[in-house]
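Here, residue 1 is the first one in the sequence, and each next residue gets the next number. No hydrogens, no waters, no symmetry mates; every other heavy atom, side chains included, goes into these values. Bear in mind that the values here come from a model prediction, so they are computed numbers and not experimental data. Numbering of ligands and ligand atoms starts at 1, following listing order.
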Amino acid sequence: MISALKGNIIAAPKLGELDITEKGYLVFNDGGILGVFQNLPEKYAGAEVTDFGDKLILQSFCDMHLHAPQFAMLGMGMDLPLLDWLNAYTFRTEAQFADLDYAREVYMQLAQQLVKNGTTRICMFSSVHTDATLLLMEILEQSGICGFVGKVNMDRNCPDYLAETLEQSKRETLRWLDGCARFNHIKPILTPRFTPTCSDELMAWLGQLAAERGLYVQSHMSENLAEIDWVCQLHPDCKQYWETYQKYGLFGNNTVMAHCVFSDERERAAMREHGVLVAHCADSNVNLSSGIAPVKQMLNENVRVVLGSDIAGGAQLPMLNVITMTIRASKMRRIQTGWQDNFLTVAEAYYLATTAAAQVFGAGEGFAVGDPLHAVVIDDASFAKTRPLSVRERFERGIYLADHSNICAVYSEGIRIK
Ligand code: GUN
Ligand code: FE
């Protein structure tokens with residue numbers, strides 16, 4: 001059956017570009033998007049039209065770095081730097097996910113909040129627990145969310161109550177991968193937590209597994225200065241953080257690296273050359289006083305960048321808030337560099353939260369023909385009355401002001417999930 005959404009359609013096909021179709025039609029069927037049209041084409045005259053009137057129809061959001069178990073500790077320990085925060089809060093919280101009943105409760109809430117806020121694609125860390133990870137994947141899939149979830153691997157430098165042995169980590173990873181075969185929209189991603197918590201043997205084994213099975217990889221990189229020092233001590237043969245991943249085959253075009261706050265020109269060049277994707281997490285980087293990543297430079301140098309909430313280093317799950325925080329952080333960096341660095345515009349940050357990440361899942365640019373429909377509908381009627389605004393102005397204000405109560409519909413893979 002052919003369907004159409006009618007409203008003001010705003011897509012970001014390229015960095016900084018907006019495609020705006022006022023009072024237009026977004027036509028789709030089970031096979032995907034058929035097109036965006038000003039007027040409903042004759043051949044689609046029989047389409048079932050959902051008329052959203054004067055509302056705004058946007059691409060739905062992709063959260064490309066977050067920790068599902070940390071949803072339970074949102075907003076906690078925010079006055080600590082990274083390594084202290086991990087020890088004081090994070091590991092203790094994650095240990096609770098050995099309990100499947102507890103995991104179910106938290107993960108159901110997380111999935112509901114993602115849908116409510118228009119996040120339909122994710123790239124997520126779970127905990128070390130295989131069964132809780134499979135449960136998380138099941139809950140996300142049933143909620144209509146797509147993307148990657150990874151069982152965390154860590155076999156050193158973490159509390160005994162959470163650490164795996166090398167053998168256990170290997171065995172559980174294989175058991176987890178076997179269990180993933182039943183999911184359609186949620187895929188596994190290998191997840192060495194970060195260099196300090198993974199032995200050389202574990203990293204080598206994961207790199208080999210990624211190559212053998214063509215799996216995606218996610219980890220953390222160059223987030224915090226104390227962390228970087230530690231990595232250099234652990235791997236004296238490596239000049240920079242990225243080389244600790246690269247030497248084990250964990251640094252390629254199927255790799256998502258969170259943060260990269262301190263990635264200098266050399267590290268950025270390595271990311272570009274290897275096709276590594278940066279998951280920029282502005283809220284987290286400010287909360288943990290890590291720093292502000294050079295996102296504009298990365299984009300200028302053709303490094304691939306997407307956005308993440310990094311729950312719970314970040315305390316904001318809604319990607320609308322992540323987008324505005326990203327813009328603010330880029331402006332703080334601009335101020336701090338004496339206006340050397342440019343800032344991200346609303347259109348640019350919207351692109352990073354949508355098309356840039358959707359492409360990881362095989363999507364095209366904006367609402368591309370053939371892509372499964374991923375969209376949110378924003379009702380901005382309750383915002384203060386002012387002079388008549390253009391749709392572009394309403395889009396910008398919507399990004400800054402809208403919350404879940406303004407998101408009146410969410411579509412994922414062509415299905416309405418809110
Ligand atoms: N580095 C290693 N683990 C973590 C984590 O859970 N959160 C963040 N922000 N950084 C990390
Ligand atoms: Fe993280």
Check: Got a salt bridge between Glu201 and Arg156, using NZ or NE/NH1/NH2 to carboxylate O under 4.0 Å?
Finding: no

Check: Which residue and non-hydrogen atom of the protein lie closest to atom 6 (O) of ligand 1, and at what distance in Å?
Finding: Arg193 NH2, 2.7 Å

Item checked: Any donor-acceptor N or O pair under 3.5 Å, side chains Tyr245, Thr255 -> no

Next item on the list: Name all residues meeting the side-chain hydrogen bond (donor to acceptor under 3.5 Å, both in side chains) criterion together with Thr191; count only those two or more places apart in sequence or in a different chain, and write none if there are none.
Entry: Gln218

Check: Closer than 4.0 angstrom: is that true for some heavy atom of Gln70 and an atom of ligand 1?
Finding: yes

Check: Under a 4.0 Å heavy-atom limit, does Glu223 contact ligand 1 with its side chain, its backbone, both, or neither?
Finding: side chain

Notebook entry, point to check: Which residues and atoms, counting only protein N, O or S, are under 2.8 Å from the Fe ion (ligand 2)?
Noted result: His65 NE2, His67 NE2, His220 NE2, Asp310 OD1

Item checked: Pairing residues for Glu172 by the side-chain hydrogen bond (donor to acceptor under 3.5 Å, both in side chains) criterion, not counting sequence neighbours -> Thr130, Arg175

Margin query: So if I count the atoms of ligand 1 from 1 in the order they appear, which ones are less than 4.0 Å from some heavy atom of Asp310?
Written below: 8 (C), 9 (N)

Next item on the list: Examine Phe61 together with His374 and report whether their ring centres are nearer than 6.0 Å.
Entry: no

Check: Between Leu86 and ligand 1, which residue portion shows a heavy-atom distance shorter than 4.0 Å: side chain, backbone, both, or neither?
Finding: side chain

Item checked: Sidechain N-carboxylate O distance under 4.0 Å for Arg182, Glu141 -> no

Checklist line | Enumerated ligand 1 atoms positioned under 4.0 Å from heavy atoms of Leu82 | finding: 8 (C), 10 (N), 11 (C)

Notebook entry, point to check: Under 4.0 angstrom from ligand 1, any heavy atom of Trp85?
Noted result: yes

Checklist line | Pairs involving residues 280-333, ordered by first then second residue, that meet ring-ring contact (aromatic ring centres under 6.0 Å, His included) (sequence neighbours left out) | finding: none

Margin query: Please determine whether the number of non-hydrogen atoms from other residues, nucleotides or ligands lying under 6.0 Å from atom CG of Asp237 exceeds 12.
Written below: yes

Item checked: Aromatic contact, Phe71 with Tyr107 (centres under 6.0 Å) -> no

